[in-house]
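Below: the structure, in structure tokens.
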Amino acid sequence: MPGWTDVVSVADSGYTTVAVRADGTVWAYGTNIKGSLGQGVFERVYEGTPRRVAGISDARAVYTGGSTFFVVREDGSVTAWGSENILVNAGKRDGRKGVARPRTVPGADDVVSMGPGSLNTFALRSDGRVLGWGVNLTDVLGDVDGTRLTAVDGVEGVVDVASAGGAVVAARGDGRVCAWGNNAHGLLGVEPRGGQTGRPVLVPGLENIVQVEGGGDVAFALDEDGAVRAWGRGVGGVLGDGDTSDHVSAEPVRVRGLPPIRRIASFEFTGLAVDTDGGLWGWGSALVLGGHGKGRSGAAPVRIPVPGPVLDVSGRHVIVEGDLEEDGGEGVGRGADEDAAGGEDDWG
């Protein structure tokens with residue numbers, strides 16, 4: 001994509017894409033969903049040229065939950081904007097209108113990373129605690145009433161956290177994984193399925209885990225040897241177990257056919273992984289990058305062609321290492337509504 005250089009973090013909602021550059025600035029393009037472009041307007045317009053989001057020059061990383069975006073800043077604070085004002089306002093609902101300009105999320109401090117959902121979000125602090133706020137229908141905020149920002153009780157020593165639909169999964173420093181929330185799809189690793197809890201439970205069968213990721217009622221875990229495991233709702237082959245039917249596994253199963261992996265991601269019912277050589281792999285209900293497998297399910301992982309070693313991936317966008325020709329990546333970085341043209345003058 002012309003002009004997209006020095007990107008260190010990217011978040012793709014499916015409509016809007018936001019990126020952080022190495023200089024700490026934040027840029028956005030795509031379709032504006034109730035303020036998701038961060039430009040001060042609420043109308044549904046399309047911006048094909050990346051524009052800088054004003055007021056941020058110290059960003060470390062960006063995350064998306066639905067069409068709400070969260071930027072973790074150098075001082076550990078969180079700035080947010082987008083379609084859900086309850087998430088931007090740390091759990092305080094203020095009508096139905098979104099937030100069109102970045103605001104500091106009150107009470108979110110000492111944050112190192114995030115795992116947002118579409119109606120609730122979770123932030124990992126440097127002390128290993130997890131903050132949560134938003135809709136709490138399935139006890140994902142813990143055994144509390146209300147929607148306001150709170151530290152999830154009983155969750156400590158966490159190194160990574162992810163929303164997985166009706167439940168939350170967290171990797172701990174001891175390599176184990178805990179989960180809390182709804183068990184309708186087996187995300188707590190408990191049989192029989194059903195029920196919910198605001199208290200974290202250990203997911204059996206997971207050890208030496210270094211990263212977790214969540215999709216649409218499905219969760220993934222990456223261990224220190226580069227193996228990926230999945231559990232929850234297995235639509236379209238997203239569990240990587242060879243079964244494309246709508247089935248459920250409360251037991252984490254190893255995703256077959258992958259080389260050693262160093263990073264995982266997900267997009268709804270699609271699993272994505274970056275191998276140790278920078279190759280990109282995908283499996284599940286709708287492989288979204290480069291048009292590969294569009295409209296069909298993927299029972300086994302396939303290699304997705306990209307023009308260089310992949311550093312990170314979010315939805316339909318990848319960060320690729322090195323300098324590329326402008327036409328070097330066919331199909332990579334397309335917007336959800338239409339093709340996007342980069343803008344070197346605006347992007348920098």
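Below, each value reflects all heavy atoms present in this structure, side chains not excepted, and no hydrogens, waters or symmetry copies. Counting begins at 1 with the first residue of the sequence.
Within the structure, side-chain hydrogen bond (donor to acceptor under 3.5 Å, both in side chains) contacts touching residues 166-192 (residues at least two apart or in different chains) are Arg172-Asp174.
In this structure, the side chain of Asp277 does not engage the main chain of Gly279 through any donor-acceptor pair within 3.5 Å. Side-chain atoms of Asn85 come within 3.5 Å of backbone atoms of Gly95 as a donor-acceptor pair (strictly under, hydrogens ignored). The main-chain N or O of Leu137 is found under 3.5 Å from a side-chain atom of Gln196 such that the two form a donor-acceptor pair.
Residues Ser67 and Ser36 bring no donor and acceptor atom of their side chains to less than 3.5 Å of each other. With no hydrogens or angles considered, a side-chain donor-acceptor pair links Ser126 and Asp110 at under 3.5 Å.
In this structure, Asp223 and Glu207 have side chains that are not in contact, with every pair of non-hydrogen atoms separated by 4.5 Å or more. Residues Arg193 and Leu188 fail the side-chain proximity criterion, which asks for heavy atoms closer than 4.5 Å. Between Val161 and Val168 there is a side-chain heavy-atom pair separated by less than 4.5 Å. Between Leu141 and Phe122 there is a side-chain heavy-atom pair separated by less than 4.5 Å. When side chains are defined from C-beta on, Asn208 does not count as touching Asp225, because their heavy atoms never get closer than 4.5 Å. Contact annotation: the side chain of Arg263 never approaches that of Val313 to less than 4.5 Å [non-hydrogen atoms, C-beta and beyond].
Salt bridge Arg233/Asp246: present, at least one basic N to carboxylate O contact under 4.0 Å. Using a 4.0 Å cut-off between a side-chain N of Lys or Arg and a carboxylate O of Asp or Glu, Arg129 and Asp127 do not qualify as a salt bridge. Checked for salt-bridge contact, Glu84 and Arg93 meet the test: a charged N lies under 4.0 Å from a carboxylate O.
Taking CH2 from Trp27 and CD1 from Ile56, the interatomic distance works out to 12.5 Å, rounded to the nearest 0.5 Å.
Across Pro252 and Ala250, no two heavy atoms sit closer than the pair CD-O, 3.6 Å. What you find for Val140 and Gly181 is that their closest heavy atoms are CG1-CA, 4.2 Å.
Ring planes of Tyr29 and Tyr46: perpendicular class, angle over 60° (limits at 30 and 60°).
The hydrophobic cluster around Val105 extends to Tyr63, Phe70, Val72, Val78, Ile86, Leu87, Val111, Met114, Leu131, Trp133, Leu149, counting ILVMFWY residues whose side-chain heavy atoms fall within less than 4.5 Å of a member.
Test Lys97, Arg101, Arg103 against Val99 for side chain to side chain contact (heavy atoms under 4.5 Å, CB included) and you get one pass: Arg103.
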